[in-house]
Amino acid sequence: MQKALFGILTLILIYSCEDRREFEVNDFEKEIVLNAIISTDSIWNINLSYTKSIFDDTDFEQINNASVKIKDLSNGQSFFLDTKKTGNYTRDLNPVEGHEYEINVNIPSRQEIHAITYVPSVLEVDVVSNLVIDENGNENIEIGLEITDNPNEENYYVWELLEVDPKYFNETKAAPISTKYEEEPVDNVTPEDPIDTDGGGINPGNIGNTNGTLTAGDIFSFNTLQDDSEYQSKSLNDPSFFSESDVKAGKIANKLILASSLISSINDNYVINESGTIEEERVPLFELKIMAVSSDLYDYLRTYQQYKRSEIINSSFADPIIIHSNIRNGLGIFGGYNLKSFYIY
Amino acid sequence: MSIRCIILSILLSSCINLQLDSQQTNSILDLPNSSLTVSELLLIIESQTDYNFSYNPQQIPLNKKLKIAGTQNSLKDIIASIEEQSNVSIDINEILKRIVILPPATFNISAFVLDSISGECLIGAMILADHKFIASTNNNGYFNVNLDYNKPLITIYNIGYNQRVYVANPYESDSLIITLIPKLDLNIIITPEKDHLINTNEYIDLGNINNHFGTAGTNDLVQQIKFSPGVSSGAEGQNGFNVRGGGPHQNLILIDDMPIYESSHLGGLSSIFLPSSIKSTRFIKSAFPARYGGRLSSVLDVRLKDGNKNNYSRELSLGLEGITGHIDGPIGTNTSVNLNLRASWFSAIASPFVKAITNVQDLSFRYNDSYSKITHWFTNTSKLSLSAYWGDDLVKTARSEFDDDNIGFQDYNRISWGNRFISLKWDKLLNEKWHLQTNIGRSDYNYRSRGSFNRSYLDMDTIAFNAFDILSISELRNYVANVELDYYSPNTGQYKFGINYTNHSNSPTIIESRTFVNEAEDPVITDTSYVADELALFVQNKFPLSSKVNFTTGIRGSLYTTNESNYFFLEPRLLLSYEHENHQLNFSYSRVSQFIHLLSNPGLGLPSDLWVPSTSNVPPEISNIFSIDYYRKKQNRSFGLSLWYKTFDNIIEYSNPSIIIYSLIINNELYQVEVDNSSWESRISFGKGHAFGFESFAQGTIGSFDLNVNYAYTRTLRVIGSIDGGSAFPYKFDSPHNISAQIKYRVNNHNSLVLNWQFASGTAYTLLDTQRLGTDGEPVLIPSSRNNFRLPDFHHLDIHYRLEKKLKGGRLIYDIGIYNIYNRLNAFYEYLSQDTPQGSPELIKVSIYPILPQFNISYIW
């Protein structure tokens, strides 16, 4: 029973001792890893590699002799990807929103690798922010999200709030990550009605309630999903996850509160011009990213986040985090997503 | 006269005779009153009719008083009354006018078996006739058997008592009281003296508990059970015990028929049981009687003493663990009490040292137990008992460390758990054939943990704060009502009928916030509460198929209802037993269901044992258990072998260990992983499993040495969801080889030396031993398979010396021992370290119990 074990943890304080022991990984068999996260905004690009033992400090062995076939299950068309000799396989085509794809990878003397995913539809989301004053008189920002559910899909969402660095922000370089996406500036003092939670939405504040000071979320960021990203903004929270697979229509609402302490700690949202005066330029405080993801990618991201957070933990006392995989006869992830980005001033 | 006339005359004569006979037996006799002895009735019949009697006065209960309906009865009715009430056979010879009274071929005897000193009833005492085991006493020490008239000798045997040979009287109508004299010698020989006494039941020798010690150094029932073949302790520091491939939560633990959810204190330092409070203990690993249900792997049925009916008995023990007190005795003529109390004082001893060498400001860990029972006898055959238990564990730590700039951390953790119950029990012998046993009660289990962490640190030259607070609660409440009837039939064996009703209320809760609350009251929470009803009907029957073969059969129908779902299971229980001379062979099959699951946080950090109910989405756990057991006993040696196989269905686990909670503090850093218990049903994976094994034991006495060796090979495997592609993997408690050995040297009648050695293969766990490429281009560690590694083997040798001194009015007992005498550093857990001097990954083994002294002194008077 775990609780007793915890009691024992107390005893460890008294007279525990540690002893090192070496171990071996017997009969290690390398497996194939397929990583492919697709969206409508990037061409087909997947990566194939082999696993290696924990004792192996060489580079991962890339797989360049594979035959990779993609089949669009929504229209029946198939095509092959071309190898780039770095374990990557590409084709100058973009996945299509709402389509389901099957991937088959054949490697000599190996079982066929197989997976299926889909690219979720474009998000219909409204974001409203309000300045609210708490009981202590502090000014907090309350951000409400309202997503119109696509009744034909299971719904898995991930959102992340990033601090905007004014040094990088200007009208032409606004939101480098999000230039491909629709931007919807949101006024920071918009006395709108509170977001309703019809459609069985998640209770406000239940997920991602950032009340309090946040830990810098350098554990996982959306940036990691995008190869062409040069901009590394500071994530204020680890990505938060929510799904409403039971909801087939209606609204899904969520709410987060940014505490005044957080706001004040990043209130450098102004630009100092060459003359040393402060420009009253309208620079956003935060960037809010909301992503609709396939169910497998949702599980992958969740477990990947948990893994990163618990990387230090690997003991017989704790079952380790197992990163989700939907690759049959192999490991890795084949998932799709669609992303929207918003600025909050 | 023709032949035809002769025949006709004879027939006519016969008819006239019959008419006359009928007239004779229907003749009305006058009786002086309706209550007469057999001899008085015989005299009246002889005086008022032409009949005379023939009998052996040694074989007829002449002085037995009979009840006759009315004062005027026919001879026929009076004869029938004598036959029925005196258990004799009567033959009437009309020609000679002689009535012959013969003893019966068989007769029935029933009795209560009691301790001669305390008057406690003895549960599970074996009754032997003609050198064969024929019955055992029930939970009230009662038995009822049929004996051959020519073989009225029975032998009554109970572990820890001098066996007694009793000459049964066929004409004893009332239930007897047979007393056995306890062996007060501490060095009880473990094995029975007689060859024919084969270990046919599961009652544990409580005298033998003196040879088993918990880590804390006191006599320990659970430790004794762990010495049984097929029972594994898992690993160092583990609470509870694992039986034949099951988990600790799959053991049905009953104290006076009330369910208990935790049998050990603080990592197995000590069990919750106080030997001085216990009357009997029954431990069952297979062939579950139908009266037991609700857990898959074993039954531990503990009965508390009613209390000494004649004199006061007291015991006071002091040791490194704490203080234990016991008293039982009579209150008035028909009432007795049994009171027990234990309080640990580890904390008081250890805390100052810990505080002196660490940054711990507050440290306390304690546990308490309190047993009380009061029993009132209305008659010898009717009693009412009120039992109660209260026990709890508490671990509390508080640390803080801040520098001059107010940079540092504060950490507060508190965890408590405990069982408690109260039960009212009424037992009544309705007549020689029917015995009623009832009880009602309430049992509670509460588990509560609270962890708070507050950290201040420098972030870009400004002080930032990090706080975390988590509360985990699991509250179980059971209302229990049981009615059982024992029926003793001379022709079809012994039956037990019963109804068990339990109302379950279950509130698993985990809440978390980032608002640090330092040792404040727990916040008000609204949690999810589940209420369910469980109703079970059962019948079991034991009857002999032949002189060598016994068949015990039973069936239990279990209905479980919640607002949204109903489950009904029929659970057959079968045991076929063949006994010949010193050999016994058993075949058994049991089907068992379990309606409550345990979801344990499989991770580091604050634990959260959440007992969760079966729901419409989470079906009950089911197990099928097959077992073949062979026993042989000769003189003071016994030997046993078992082969068993069992299946598990609908077992549950969190789909991913991260799903529940982790707030892990390593090197003053908080590693929070995830807190989300909002919908545990959607976060679990279902699976099934199977387990199989082989067990053997050998016991014997050679001179002053008692030897006891057990070996078990056990494998237990699971298939959960899509883990490992649906392949079977070892259960975390899978420990293939288990050996326990004991040598006891009886120095003299009062002193003994005991050596105990235990060995268990290391349990399985999942080690991340493989690297794969993550989507961010960084390596990610994964396991090659679930539970792919094992802890090092667990073993330790303990030595104990017991010295008893008789004092005026009492006995003084010293127990001195050393746990883990060769200082084996068994693994409490291991973790992977990649930051090693050699540069290659290593495992770091953490141990908690090195060599430890043990000391306890008891005074009994």
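Here the structure is a predicted model, which means the values were calculated and not measured.
Nearest heavy-atom pair across A:I327 and A:A115 is CD1-CB, 3.7 Å.
Considering only heavy-atom pairs separated by less than 4.5 Å from chain A, the leading option among B:Q771, B:K845, B:R772 is B:Q771. For chain B, the option among A:T51, A:V33, A:N35 with the highest count of heavy-atom pairs below 4.5 Å is A:N35. The candidate from B:T770, B:N788, B:D393 with the greatest count of non-hydrogen atom pairs under 4.5 Å with chain A is B:T770. Note on B:G247, B:A827, B:G774: by heavy-atom pairs under 4.5 Å with chain A, the leading option is B:G774.
Judged purely by distance below 3.5 Å, without hydrogens or angles, the side chains of A:D296 and A:S294 never pair a donor atom with an acceptor atom.
In this structure a side-chain-to-backbone donor-acceptor pair under 3.5 Å is present from B:T766 to B:N787.
Put simply, the side chain of B:Y367 reaches to within 4.5 Å of the side chain of B:S270, judged on heavy atoms.
The pair A:E61-A:K52 fails the salt-bridge criterion, with no side-chain N (NZ, NE, NH1 or NH2) lying under 4.0 Å from an Asp/Glu carboxylate O.
Residue contact with chain B, scored on non-hydrogen atoms closer than 4.5 Å, involves the side chain of A:N47 exclusively. Contacts of B:P783 with chain A are made by side-chain atoms alone, with heavy-atom separations under 4.5 Å and no backbone atom involved. B:L773 touches chain A through backbone and side chain together, each having a heavy atom under 4.5 Å away.
For A:F55 and A:F23, the gap between ring centers is short of 6.0 Å.
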